[in-house]
Amino acid sequence: MTHQLNSSDANFERDFRRLVNARRESESDVAIQVRDILREVKARGDEAIIEYSQRFDGHALSEDSDWVITAERCREAYDALEPDLREALELAASRIRAYHAAQLPENRDYTDDAGVRQGATWRAVDAAGLYVPGGRAAYPSSLLMNAIPARVAGVERLVVVTPTPKGQSNPIVLAAAHIAGVDEIWRVGGAQAVAALAYGTDRIKPVDVITGPGNAYVAEAKRQLYGVVGIDMVAGPSEILVIADKDNEPEWIAADLLSQAEHDPTSQSILITDDAPFAALVSDAIELQLATLDTQKTAKASWKEHGAIIVVGSLSEAPALANKLASEHVELAVADPEALMADIRHAGSIFLGRMTPEAIGDYVAGPNHVLPTGRRARFASGLSVLDFMKRTSFIELGEQGMAAIGPAAARLAHAEGLPAHAKSVEVRLK
Ligand SMILES: NC(=O)c1ccc[n+]([C@@H]2O[C@H](COP(=O)([O-])OP(=O)(O)OC[C@H]3O[C@@H](n4cnc5c(N)ncnc54)[C@H](O)[C@@H]3O)[C@@H](O)[C@H]2O)c1
Ligand SMILES: N[C@H](CO)Cc1c[nH]c[nH+]1
Ligand SMILES: [Zn+2]
């Protein structure tokens, strides 16, 4: 078994810290490459996009049809779906829509005892860029997870970017676009697509907010472009932490760990258990399952480089470790998941009990699967309707309100050495 850590070992603290920081170094290499790509797209626009799409995706952007996918093609893809797949997509869409509709915020408007009217109005951004990954696998589920909350928020222009490796677009992604109702789909991926959405090019008009998941290049591009545009959060290579006691089926837990390892060679899957023989059974089950997965190359690389099994003396040690990892997904496969959840402060999403595999949340549960990675669950949350909206506050005073709070404002303005501020209040106090 590779990467087994025991919390009773003398070196545990050091080894655990290494595990927590393991992917940092590769992130900084990626940051340098992404900076170059962003600079090139900013300077040379579509010409740079053409070069990067050829280099990274083997996709030639010559004709208009190499750049965009029409609504007509999306409808045809939807019509051609096998009925059970269409039903699955529709079920996912309706559950995601219902969950996100409940997130719509309420505007506030009230007058307080001093006679001051105040409040805030929520409005959708004008245009959102939605990244739908498509390098190793295609992600129709991510199209729904991006586009449905944006539509619920009331965004007028929804712009999808997604790579089409070797020129092959994925029909299920197109069908999902038809269901969610997006306005534009550009066949461009990676950091170059994110740059195009932020800066705009001759072909691709800029957006106000960019959301969605992607590999390390995509996630880093969003991070670097925050401020030029809004972003949801940094949603990079997938992660899972499973906390499991010995009363689980080892095969189930192995499958849960591999479900995220198969996304990306830099994905991270970690098991914490209080039972060493159970840990060995899970490890064996992983090796067996790896041998048969279609995605075994990616999953093997991820498990070998970034996977770990941590054996603790008691599961009561697990929440503190989970909080340091601040993982994207945390599964609690234990008899009393509620008790453990109470102590888990940092996680993108928590999956309670033995019958709730993370993969259910990837597709059909309802909550968003676009979640913070790289320990960012310490300060960030999953994609929501609010990521497509912003709040404008407002204030209205009459004579009564001005008399009540104006003198204090003038006093503070003088204290800050800003006499014009003070005067703009005092002239109204008479
Ligand atoms: N955190 C989340 O919420 C979440 C959700 C779904 C998926 N994901 C992640 O999305 C990712 C999908 O990755 P993917 O690769 O399949 O698709 P992707 O679309 O994210 O990335 C493919 C693009 O990466 C770029 N790229 C590849 N190699 C490059 C290189 N060497 N230099 C510069 N750019 C390069 C290319 O432009 C290519 O178009 C996975 O990491 C998965 O774990 C995360
Ligand atoms: N687990 C991914 C988020 O890290 C989401 C996803 C989409 N499809 C399959 N999985
Ligand atoms: Zn997944």
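In this text, all values refer to a predicted model and were calculated from it rather than measured experimentally. Indexing begins at 1, ligand by ligand and atom by atom, following the structure's order.
Side-chain atoms of Arg187 come within 3.5 Å of backbone N or O of Gly167 as a donor-acceptor pair. Here the side chain of Asn146 pairs a donor or acceptor atom with the backbone of Tyr131 at under 3.5 angstrom. Side-chain atoms of Arg75 never come within 3.5 Å of backbone atoms of Glu72 as a donor-acceptor pair (strictly under, hydrogens ignored).
Near Gln192, the atoms of ligand 1 lying under 4.0 angstrom from a non-hydrogen atom of the residue are 37 (O). If you number the atoms of ligand 1 from 1 as listed, the ones under 4.0 Å from a heavy atom of Pro237 come out as 41 (O), 43 (O). For ligand 1, the atoms sitting less than 4.0 Å from at least one non-hydrogen atom of His263 are 42 (C), 43 (O), numbered in the order shown with element in parentheses. In the vicinity of Ala235, heavy-atom distances shorter than 4.0 Å reach the ligand 1 atoms 1 (N), 2 (C), 3 (O). Applying the 4.0 Å criterion to heavy atoms of Val370 picks out, from ligand 1, the atoms 3 (O). Each of the atoms 20 (O) of ligand 1 lies under 4.0 Å from some heavy atom of Val218.
Using a 4.0 Å cut-off between charged nitrogen and carboxylate oxygen, Arg44 and Glu51 count as a salt-bridge pair. Here Glu90 does not pair with Arg97 in a salt bridge; the nearest charged N to carboxylate O distance is not below 4.0 Å. Using a 4.0 Å cut-off between a side-chain N of Lys or Arg and a carboxylate O of Asp or Glu, Arg376 and Glu27 qualify as a salt bridge. Salt-bridge formation is detected for the pair Arg203/Asp64: a Lys NZ or Arg NE/NH1/NH2 atom is positioned less than 4.0 Å from an Asp or Glu carboxylate oxygen. Ion pairing between Asp232 and Lys222 holds under the 4.0 Å rule for side-chain N and carboxylate O. Note on Glu220 versus Arg35: no salt bridge recorded, every NZ/NE/NH1/NH2 to OD/OE distance being 4.0 Å or above.
For the residue pair Glu262/Thr298, the side-chain donor-acceptor check at 3.5 Å is not satisfied. Inspection of the Thr121 and Asn107 side chains reveals no N or O donor paired with an N or O acceptor under 3.5 Å.
Residue Thr373 has no N or O atom closer than 3.5 Å to an N or O atom of ligand 1. Considering both main-chain and side-chain atoms, Gly134 comes within under 3.5 Å of ligand 1 through a nitrogen or oxygen pair. For the pair Gly135 and ligand 1, the shortest N or O to N or O distance falls below 3.5 Å.
Evaluated for a side-chain contact (heavy atoms from CB on, under 4.5 Å) with Met233, the options Thr211, Thr373, Leu383 yield exactly one hit, Leu383. Exactly one of Glu358, Glu239, Gln268 qualifies for a side chain to side chain donor-acceptor pair (under 3.5 Å) with Gln260. That residue is Glu358.
Listed as neighbours of ligand 2 are Tyr139, Ser141, Ser238, Gln260, His263, Glu328, His329, Glu358, Asp362, Tyr363, His369, each bearing a heavy atom under 4.0 Å from the ligand.
Protein heavy atom in closest approach to atom 16 (O) of ligand 1: Arg136 N, 2.7 Å. The protein heavy-atom contact nearest to atom 12 (C) of ligand 1 is Pro133 CB, 3.6 Å. If you check which protein heavy atom lies closest to atom 29 (C) of ligand 1, you get Tyr217 CE1, 3.5 Å. In this structure, the protein non-hydrogen atom closest to atom 33 (C) of ligand 1 is Phe56 CZ, 3.3 Å. Scanning the protein for heavy atoms near atom 38 (C) of ligand 1, the closest one is Asp57 OD1, 3.2 Å. Distance from atom 40 (C) of ligand 1 to its nearest protein heavy atom, with residue and atom name: Asp264 OD2, 3.5 Å. For atom 3 (O) of ligand 1, the closest heavy atom belonging to the protein is Leu371 N, 2.8 Å. Closest to atom 2 (C) of ligand 1 among all protein heavy atoms lies Glu328 OE2, 3.2 Å.
Of the listed residues (Gly374, Gly214, Pro265), the one carrying the non-hydrogen atom nearest atom 9 (C) of ligand 1 is Gly214. Atom 1 (N) of ligand 1 has its nearest heavy-atom neighbour, among Gly236, Pro213, Ser238, in Gly236.
For Tyr131, every heavy-atom contact with ligand 1 shorter than 4.0 Å involves the side chain, none the backbone. By the criterion of a heavy-atom distance under 4.0 Å, the side chain of Pro163, and not its backbone, is placed next to ligand 1. Residue contacts with ligand 1, taken as heavy atom pairs separated by less than 4.0 Å, do not involve Gln260 at all. The proximity of Asn215 to ligand 1, defined as any non-hydrogen pair under 4.0 Å, involves the side chain as well as the backbone.
Residue pairs satisfying the salt bridge (charged side-chain N to carboxylate O under 4.0 Å, His left out) criterion with at least one member in residues 158-178, sequence neighbours excluded, are absent.
Closest approach of Ala326 to Arg378, counting heavy atoms only: CB-CG, 3.8 Å.
At least one N, O or S atom of His263, from either the backbone or the side chain, sits less than 2.8 Å from the Zn ion (ligand 3).
Residue-environment remark: CZ (Arg108) stays at or below the threshold of 12 foreign heavy atoms within 6.0 Å. Within 6.0 Å of NZ in Lys297 there are 12 or fewer heavy atoms belonging to other residues, nucleotides or ligands.
Taking the six-membered ring for Trp and the full ring otherwise, the centers of His263 and Tyr139 sit less than 6.0 Å from each other.
The atom of Asp362 nearest to the Zn ion (ligand 3) is OD2, with the search restricted to N, O or S atoms.
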